[in-house]
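Below you'll find the structure, written out as structure tokens, and then a few comments.
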Amino acid sequence: MTDIAPFPLVEVRGTPSERGRMYGEEARERVRLSASLYEEQLRRLGFSSEDVSRLVTIFLPNIKEWAPDLVEEMEGIAAGAAVDLTSVVLVNARTEVLQLARREKGVGDDEPDGCTGAVILPEATRDGALIHGQNWDWKAECADTSIVLRILRDDGPDVLTFTEAGGLARSGFNSAGITVTANYLESDRDYREIGIPLPFIRRRALEAQHFALALRVVAITPKSGSNNMMVSTAEGYAVDLECAPDEAFPIYPKNGMIVHANHWQSQVALAKLKETGLASVPDSLYRDHRIEKLLSARNGDIVADDLKNALFDDFAAPFCVCRAPMKKEGGNLSATVAMIVCEPAKGMMEIAPLPAINRAFTGYDLKMDEALLVRLSSTSGLANGVAAKHGEKRWSASS
């Protein structure tokens, strides 16, 4: 299918409040659709509008204390989209709110936010540039409620991120060359305490000027539930952090890459906590190995198309790396919503919506910091190509 629309690009700048208002105005319809998707899901669970506000408000004090500027930005989004602040916070805390709601009602989770991700280090690629990407498996409807957000900041690196409309960040990279993707995990430590919702952590990591500071944000910020986050730098390295709410377990590259799906890999983690997510995502046990096998066959000569081809893998369909829309037991229409492939040294992100039925990619770019280009130029010829490309249009389609 070639009639699936690409994700729209929204560009914002200014103060947090100004950025938020621009965001809300530009993406108004998608923000409303995004919020209504989760409001309706909560209604099906038996929650009234007042109940939804109550659940969302549980998280606001911690968020305000930890990141008051991001609360200002959400207030701006709400004003620009003409919705309540509660709706925007719900989009950003939907994983945590839905989990609390299910626990309150005593129902299980049949629709985890799955992903299969990979980072390929420069020694394993053809041109010596790091490649970082993932498939995002979630509600197929999110193909119509997601955007690409370019944030031009006066107080740090610019950010390019794919996210649900109204969201602060999901997968993406910044102009300092730091890329972040994330994968669902579960453990027996989840939801004992109220932590910072995951999109806020991803956004803070993407605002970091240095790789170490991005890792710090992911590793030490208290969370409500478990999550896996891959953090890489265009300068040629990556660390995967399997995060319990109160502890992070690092996984380092092997044979020039890291591949991760939705189950715990760290043996240290597994010695200290109990894996509780495999009942929902048993296919995770082979998805990461499928990607690793396909990429390993090209080790040393990997290009972005090789990662795309691996992420298109349909072994054991419909429970495969790249899944077509399908109804699940709870009625959720599940799918690989997007395939995201980042080449941060080149300032490029490519995304295909619903890739199991659509292989058309759209390219989105970001002007990279001069200091990064200087460092990269000392180890590769990439900087000249990046600098030349920045004279081209900033949002272009390719397939």
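For reference, positions follow the sequence shown, starting with 1.
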Candidate pair Val119 and Met257, rule side-chain contact (heavy atoms from CB on, under 4.5 Å), full reasoning: CA-CA 6 Å; Val119 181; Met257 66 184 73; over 6 Å; no

Please determine if [X] and [Y] form a salt bridge, counting it only when a charged side-chain N lies under 4.0 Å from a carboxylate O.
{"X": "Arg375", "Y": "Glu235", "answer": "yes"}
{"X": "Asp365", "Y": "Lys346", "answer": "no"}
{"X": "Asp313", "Y": "Arg290", "answer": "yes"}
{"X": "Glu104", "Y": "Arg102", "answer": "no"}
{"X": "Arg203", "Y": "Glu73", "answer": "yes"}
{"X": "Glu247", "Y": "Arg189", "answer": "yes"}
{"X": "Glu164", "Y": "Arg94", "answer": "yes"}

Find the distance between [atom1] ([X]) and [atom2] ([Y]) and round it off to the nearest 0.5 Å.
{"X": "Leu307", "Y": "Glu350", "atom1": "CG", "atom2": "CD", "answer": "10.5 Å"}
{"X": "Leu206", "Y": "Arg170", "atom1": "CG", "atom2": "CZ", "answer": "12.0 Å"}
{"X": "Glu141", "Y": "Ser34", "atom1": "CD", "atom2": "OG", "answer": "11.5 Å"}
{"X": "Phe312", "Y": "Leu294", "atom1": "CZ", "atom2": "CG", "answer": "13.0 Å"}
{"X": "Glu50", "Y": "Arg54", "atom1": "CD", "atom2": "CZ", "answer": "10.5 Å"}
{"X": "Asn62", "Y": "Ser224", "atom1": "CG", "atom2": "OG", "answer": "8.0 Å"}

Aromatic ring pairing Tyr38/Trp138, orientation class (parallel under 30°, perpendicular over 60°, tilted between): parallel

For the side chain of [X] and the backbone of [Y], is there at least one donor-acceptor N/O pair under 3.5 Å apart?
{"X": "Ser146", "Y": "Cys142", "result": "yes"}
{"X": "Asp84", "Y": "Ala78", "result": "no"}
{"X": "Glu207", "Y": "Arg204", "result": "no"}
{"X": "Arg28", "Y": "Gly80", "result": "yes"}
{"X": "Glu275", "Y": "Gly277", "result": "yes"}
{"X": "Lys223", "Y": "Val218", "result": "yes"}
{"X": "Ser48", "Y": "Asp51", "result": "yes"}
{"X": "Asn358", "Y": "Ile4", "result": "no"}
{"X": "Asn299", "Y": "Leu295", "result": "no"}
{"X": "Tyr23", "Y": "Gly166", "result": "yes"}

Check the surroundings of atom [atom1] in [X]: do more than 12 heavy atoms from other residues, nucleotides or ligands lie under 6.0 Å from it?
{"X": "Lys254", "atom1": "NZ", "result": "no"}
{"X": "Arg103", "atom1": "CZ", "result": "yes"}
{"X": "Glu123", "atom1": "CD", "result": "yes"}
{"X": "Glu40", "atom1": "CD", "result": "yes"}

Minimum heavy-atom separation for [X] to [Y], with atom names?
{"X": "Ser175", "Y": "Leu366", "value": "N-CD2, 3.6 Å"}
{"X": "Phe319", "Y": "Tyr286", "value": "O-OH, 2.5 Å"}
{"X": "Ala205", "Y": "Val217", "value": "N-CG1, 4.0 Å"}
{"X": "Tyr191", "Y": "Gly225", "value": "CE1-CA, 3.8 Å"}
{"X": "Glu26", "Y": "Leu9", "value": "OE1-O, 4.1 Å"}

Testing the 3.5 Å rule here: is there a donor-acceptor pair between the side chains of [X] and [Y]?
{"X": "Ser171", "Y": "Gln134", "answer": "yes"}
{"X": "Thr336", "Y": "Asp137", "answer": "yes"}
{"X": "Ser187", "Y": "Ser226", "answer": "yes"}

Side-chain atoms of residues 258-265: list all donor-acceptor pairs with protein atoms under 3.5 Å, sequence neighbours left out, distances to 0.1 Å.
residue: His260; atom: NE2; partner: Asn228; partner atom: OD1; Å: 3.4
residue: His260; atom: NE2; partner: Glu242; partner atom: OE2; Å: 2.6
residue: Asn262; atom: OD1; partner: Cys115; partner atom: N; Å: 3.2
residue: Asn262; atom: OD1; partner: Arg287; partner atom: NH1; Å: 3.2
residue: Asn262; atom: OD1; partner: Arg287; partner atom: NH2; Å: 2.8
residue: Asn262; atom: ND2; partner: Tyr184; partner atom: O; Å: 3.1
residue: His263; atom: ND1; partner: Ser284; partner atom: O; Å: 3.3
residue: His263; atom: ND1; partner: Ser284; partner atom: OG; Å: 2.6
residue: Trp264; atom: NE1; partner: Glu186; partner atom: O; Å: 2.6
residue: Gln265; atom: NE2; partner: Val259; partner atom: O; Å: 3.2
residue: Gln265; atom: NE2; partner: Asp288; partner atom: OD2; Å: 3.1

Are the side chains of [Y] and [X] in contact, using a 4.5 Å heavy-atom criterion?
{"X": "Phe7", "Y": "Thr362", "value": "no"}
{"X": "Leu160", "Y": "Asn174", "value": "no"}
{"X": "Leu149", "Y": "Val159", "value": "no"}
{"X": "Glu96", "Y": "Leu198", "value": "yes"}
{"X": "Val91", "Y": "Ile77", "value": "no"}
{"X": "Asp369", "Y": "Gln209", "value": "yes"}

Member of Asp305, Thr125, Asp306 meeting the side chain to side chain donor-acceptor pair (under 3.5 Å) criterion with Arg298: Asp306

Side-chain hydrophobic cluster, 4.5 Å single linkage: members besides Leu213: none

From CA spacing to verdict: side-chain contact (heavy atoms from CB on, under 4.5 Å), Leu37, Lys139: CA-CA 9 Å; Leu37 187 65; Lys139 297 176 181 293; 3.8 Å; yes

Side-chain heavy atoms under 4.5 angstrom apart, residues restricted to Ile, Leu, Val, Met, Phe, Trp, Tyr: same cluster for [X] and [Y]?
{"X": "Ile194", "Y": "Leu90", "answer": "yes"}
{"X": "Leu70", "Y": "Ile58", "answer": "yes"}
{"X": "Val303", "Y": "Ile120", "answer": "no"}
{"X": "Met229", "Y": "Leu185", "answer": "no"}

Single hit among Arg150, Lys367, Arg19 for salt bridge (Lys or Arg N to Asp or Glu O under 4.0 Å) with Glu11: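 Of Arg150, Lys367, Arg19, salt bridge (Lys or Arg N to Asp or Glu O under 4.0 Å) with Glu11 is met by Arg150 alone.
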
side-chain contact (heavy atoms from CB on, under 4.5 Å) between Asp188 and Leu273, worked out: CA-CA 7 Å; Asp188 59 350; Leu273 53 75; 3.7 Å; yes

Pair Val97-Phe59, side-chain contact (heavy atoms from CB on, under 4.5 Å): steps then yes or no: CA-CA 9 Å; Val97 169; Phe59 295 93; 3.8 Å; yes

